[in-house]
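This is a predicted model, so every value here is computed, not measured. Atom set for the values below is all heavy atoms of this structure, side chains included, hydrogens, waters and symmetry mates excluded.
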Amino acid sequence: MSEEVDFEEEMVESTPAPPAEVSHAEQSHTAVAEKVVTTKGRGHGRRDEDESRYDAHGGVFERIEQSTGPGPIQSIEGWIVFVSGVHAEATEEDILDKFSEFGDVKNIHVNLDRRTGFVKGYALVEYVRYEDARSAIRAMDGKKILEQTIRVDWAFTKK
């Protein structure tokens, strides 16, 4: 009743079938995917965009007026005083109370030991005005905070 078919005899070499029709949406997606090039980092934009970012060749940067001789150097925003010999149990408030007597303290930084949580022994106090920082150095150098003698000097100096 059923016929036996020998597949080996029926195999005939054929030419490849013509490509199936591709929809317009698939064609445009493929074309866009081929054109997209991804790059990481900076500097891959158009050349004219990069040049319009800067007024001059290397850019225009703010400068801080500096004296020509040796002495203290101003930071970006003020005059920084380095306080060493700070007691381990001193707090920012203890230091701020003593140093705010000489002028407006813009910023104070007290470094803490990660393991113990106590002060590492120094602090940075920033004043807006040079005169305030200078008077704090003159008055507080050699004084005691929490019964420990501190040393006070400029954080940045030009030699």
Side-chain angles (χ1 to χ4, degrees), residues 19-20 22-159:
V22 180
S23 72
H24 178 67
E26 289 175 348
Q27 285 177 351
S28 64
H29 177 71
T30 305
V32 169
E34 290 173 359
K35 291 179 185 178
V36 174
V37 176
T38 57
T39 54
K40 292 184 179 180
R42 297 183 185 148
H44 299 288
R46 291 189 343 227
R47 200 70 164 145
D48 59 339
E49 286 177 359
D50 290 340
E51 290 173 0
S52 68
R53 290 177 56 195
Y54 301 109
D55 293 336
H57 177 66
V60 177
F61 299 100
E62 180 181 339
R63 292 200 180 269
I64 298 173
E65 296 298 322
Q66 299 289 334
S67 64
T68 56
I73 299 176
Q74 183 180 13
S75 73
I76 298 295
E77 297 177 359
W79 299 89
I80 300 179
V81 173
F82 184 78
V83 183
S84 60
V86 177
H87 192 278
E89 294 181 3
T91 63
E92 277 189 16
E93 290 80 28
D94 295 331
I95 298 166
L96 186 60
D97 288 343
K98 297 288 184 181
F99 283 88
S100 62
E101 296 173 11
F102 305 101
D104 184 29
V105 174
K106 183 172 187 165
N107 190 10
I108 184 168
H109 181 77
V110 180
N111 230 359
L112 301 178
D113 187 307
R114 287 186 198 154
R115 189 173 45 87
T116 64
F118 290 118
V119 175
K120 281 192 169 184
Y122 66 92
L124 298 165
V125 180
E126 184 174 4
Y127 289 95
V128 176
R129 296 177 10 154
Y130 170 81
E131 294 79 17
D132 297 341
R134 185 179 61 197
S135 63
I137 290 170
R138 289 180 177 166
M140 292 301 294
D141 190 32
K143 299 290 184 194
K144 292 190 176 202
I145 295 180
L146 297 180
E147 300 175 11
Q148 188 163 330
T149 304
I150 59 169
R151 303 300 303 178
V152 183
D153 202 358
W154 296 107
F156 305 109
T157 58
K158 185 176 183 179
K159 295 182 180 182

Discussion item. Suppose we screen for salt bridge (charged side-chain N to carboxylate O under 4.0 Å, His left out). Which residues come up paired with Glu131, at least two apart in sequence or across chains?
Written reply: Arg129

Fill in: Spatial distance of atom CD (Glu89) from atom CZ (Phe118) [nearest 0.5 Å]
5.0 Å

Item to complete: List the steps and the verdict of side chain to side chain contact (heavy atoms under 4.5 Å, CB included) for Val125 and Val83.
Response: CA-CA 8 Å; Val125 180; Val83 183; 4.1 Å; yes

Discussion item. Checking Tyr130 now: which residues fulfil side chain to side chain donor-acceptor pair (under 3.5 Å) with it, not counting sequence neighbours?
Written reply: none

Discussion item. I need the Phe102 CZ to Ile137 CD1 distance, nearest 0.5 Å.
Written reply: 11.0 Å

Worksheet, complete the sentence: Applying side chain to side chain contact (heavy atoms under 4.5 Å, CB included) to Lys120 and not counting sequence neighbours gives Asn111, Asp113, Tyr122

Fill in: Ala133 versus Val81, closest heavy-atom pair with distance
CB-CG2, 3.8 Å

Between side-chain atoms of residues 142-154 and protein atoms elsewhere (two or more places apart, or another chain), which donor-acceptor pairs fall under 3.5 Å?
{"residue": "Gln148", "atom": "NE2", "partner": "Gly85", "partner atom": "O", "Å": "3.1"}
{"residue": "Arg151", "atom": "NE", "partner": "Asp141", "partner atom": "OD1", "Å": "3.4"}
{"residue": "Arg151", "atom": "NH2", "partner": "Asp141", "partner atom": "OD2", "Å": "3.2"}

Worksheet item: For the atom pair CD (Gln74) and CD (Glu126), what is the distance rounded to the nearest 0.5 Å?
Response: 9.0 Å

Practice prompt. For Glu93, check side chain to side chain donor-acceptor pair (under 3.5 Å) against everything at least two apart and list the hits.
Written response: Thr91

Worksheet entry | Thr157 and Ile73: CA distance, side-chain angles, deciding distance, side chain to side chain contact (heavy atoms under 4.5 Å, CB included) verdict | CA-CA 5 Å; Thr157 58; Ile73 299 176; 5.7 Å; no

Response to the item:
So salt bridge (Lys or Arg N to Asp or Glu O under 4.0 Å) across residues 96-105, not counting sequence neighbours, yields none

Discussion item. How close do Ala155 and Leu124 get, counting heavy atoms only, and between which atoms?
Written reply: CB-CD2, 4.3 Å

Worksheet entry | Pairwise side-chain contact, Pro72 with Trp79, heavy-atom cut-off 4.5 Å (strictly under) | yes

Discussion item. Are Val86 and Ile95 packed together at the side-chain level, in the sense that at least one heavy-atom pair is separated by less than 4.5 angstrom?
Written reply: yes

Fill in: Flag, side chain of Tyr127 to backbone of Ser100, donor-acceptor distance under 3.5 Å
no

